[in-house]
Amino acid sequence: MDYINQSTEEIAQVLLGKKLIHKTPVHTYSGYIVETEAYVGIEDMACHSYAGRRTPRLESMYKSGGTIYIYTMHTHHMLNIVTKEEGNPQAVLIRAIEPFEGIEEMEKNRQANGVNVCNGPGKLTKAMEITKALNGILINEESLRIVDGKVPSQIIESPRIGIPNKEEWTLKPLRYYVKGHPCVSGMKKGEMLSAADYWHYG
DNA sequence: CTTGAGATGGCCT
DNA sequence: GGCCATCTCAAGC
């Protein structure tokens, strides 16, 4: 997986269907990525690094593509993968996964069942016990990995979630998700498809 | 099932 | 002191 020589928008789409794995000393958690958002750097008014802003919290974003960037928001941890070369602060936010391994433990961590376990950025990090301890290290180097998984039948683009008052950036279609997948945040019942229809080859 | 308001805490100015 | 890349729950349809 190349996190440098593709645009952040391309990487956000390629990540859909990939398998996210987190191993703790006690448990192994994994799931397939079903929803992402691209944050494209210093021109992007919704991006933390907009206008070249650089603070200790953002330092990971300025590292090389493939670095893990985690920050907290209202007590929730947000998982991002940095893209592009060092010094070019762009990233992809992982917003939702389809749980695969460690499902019982995830349900216990979240005190929820079914699609409600991982259908939001703060939910999946809590379910998988992902914390800021991973901030700044490279993906696939330690306990957090991303490997090949499934292939979406169809990818839908939409505006990003929770980005008001950012002029044209509010409506830019930089959010991507697997069409009809029930684990996508805010998915309505009427838009859901069956597994054979949202993953290629079932 | 869908919608909206309120609760959160860390980070920046 | 203000600003959020959110979540949950209660009320309405």
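Rounded to whole Å, atom P of C:dA5 lies 10 Å from atom OH of A:Y69. Rounded to whole angstrom, the span from the CG atom of A:L93 across to the C1' atom of C:dA5 amounts to 6 Å. Distance CD (A:E35) to P (C:dT6): 10 Å, rounded to an integer number of Å. Rounded to whole Å, the distance from NE2 on A:H48 to C1' on C:dC4 is 8 Å.
Under a cut-off of 6.0 angstrom, the local environment of NZ in A:K179 is sparse, with at most 12 non-hydrogen atoms contributed by other residues, nucleotides or ligands. Heavy-atom neighbours of A:I4 CD1 from other residues, nucleotides or ligands within 6.0 Å: above the threshold of 12. The local environment of NZ in A:K23 is sparse, with at most 12 non-hydrogen atoms from other residues, nucleotides or ligands closer than 6.0 Å. Within 6.0 Å of CD on A:E43 lie no more than 12 heavy atoms contributed by other residues, nucleotides or ligands.
Residues A:L79 and A:I68 have side chains in contact (heavy-atom distance under 4.5 Å, counting atoms from C-beta outward). Counting heavy atoms from C-beta outward, A:L15 and A:Y176 have side chains that stay 4.5 Å or more apart.
A:E105 contributes no side-chain N or O that, together with a main-chain N or O of A:G102, makes up a donor-acceptor pair within less than 3.5 Å. Using modelled atom types, no side-chain atom of A:Q111 and backbone atom of A:E107 make a donor-acceptor pair closer than 3.5 Å. Of the possible polar contacts, none joining the A:T67 side chain to the A:K63 backbone as a donor-acceptor pair under 3.5 Å is found. Between the side chain of A:S49 and the main chain of A:G52, no donor-acceptor pair closer than 3.5 Å is present.
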Do any side-chain atoms of residues 69-78 of chain A form donor-acceptor pairs under 3.5 angstrom with protein atoms, and if so which ones, sequence neighbours left out?
unit_1: A:Y69; atom_1: OH; unit_2: A:H48; atom_2: ND1; d: 2.9
unit_1: A:H76; atom_1: NE2; unit_2: A:H74; atom_2: O; d: 3.4

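Contacts with DNA chain C (heavy atom under 4.0 Å) in residues 161-176 of chain A: A:I161, A:G162, A:I163, listed by number.
By the 4.0 Å N-to-carboxylate-O rule, A:K18 lies close enough to A:D148 to be salt-bridged with it. A salt bridge is defined here as a Lys NZ or Arg NE, NH1 or NH2 lying under 4.0 Å from an Asp or Glu carboxylate O, and A:E37 with A:R95 meets this definition.
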Atom pairs under 3.5 Å, N or O on each side, protein against nucleotides 1-3 of chain B: can you list them with distances?
none

All N/O contacts under 3.5 Å from nucleotides 8-12 of chain C to the protein, with atom names and distances to one decimal?
unit_1: C:dT8; atom_1: OP1; unit_2: A:R110; atom_2: NH1; d: 2.7

Considering only nitrogen or oxygen atoms on both sides, find all protein atoms under 3.5 Å from nucleotides 8-13 of chain B and state each distance.
unit_1: B:dG9; atom_1: N2; unit_2: A:H74; atom_2: ND1; d: 3.2
unit_1: B:dC11; atom_1: OP1; unit_2: A:K132; atom_2: NZ; d: 3.0
unit_1: B:dC12; atom_1: OP1; unit_2: A:T55; atom_2: OG1; d: 2.2

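Taking CD1 of A:I94 as the reference point, atom CE of A:M128 lies at 10.0 Å (rounded to 0.5 Å).
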query: Which dot-bracket string fits DNA chain C when only Watson-Crick or G-U wobble pairs with both atom distances under 3.5 Å count, crossing pairs get [ ], and | stands for a partner on a different strand?
result: ||||.|||||||.

- request: Starting from the C-alpha separation in whole Å, work towards a yes-or-no answer on salt bridge (Lys or Arg N to Asp or Glu O under 4.0 Å) for A:R175 and A:E35.
  value: CA-CA 7 Å; A:R175 170 178 177 246; A:E35 180 181 358; 2.8 Å; yes

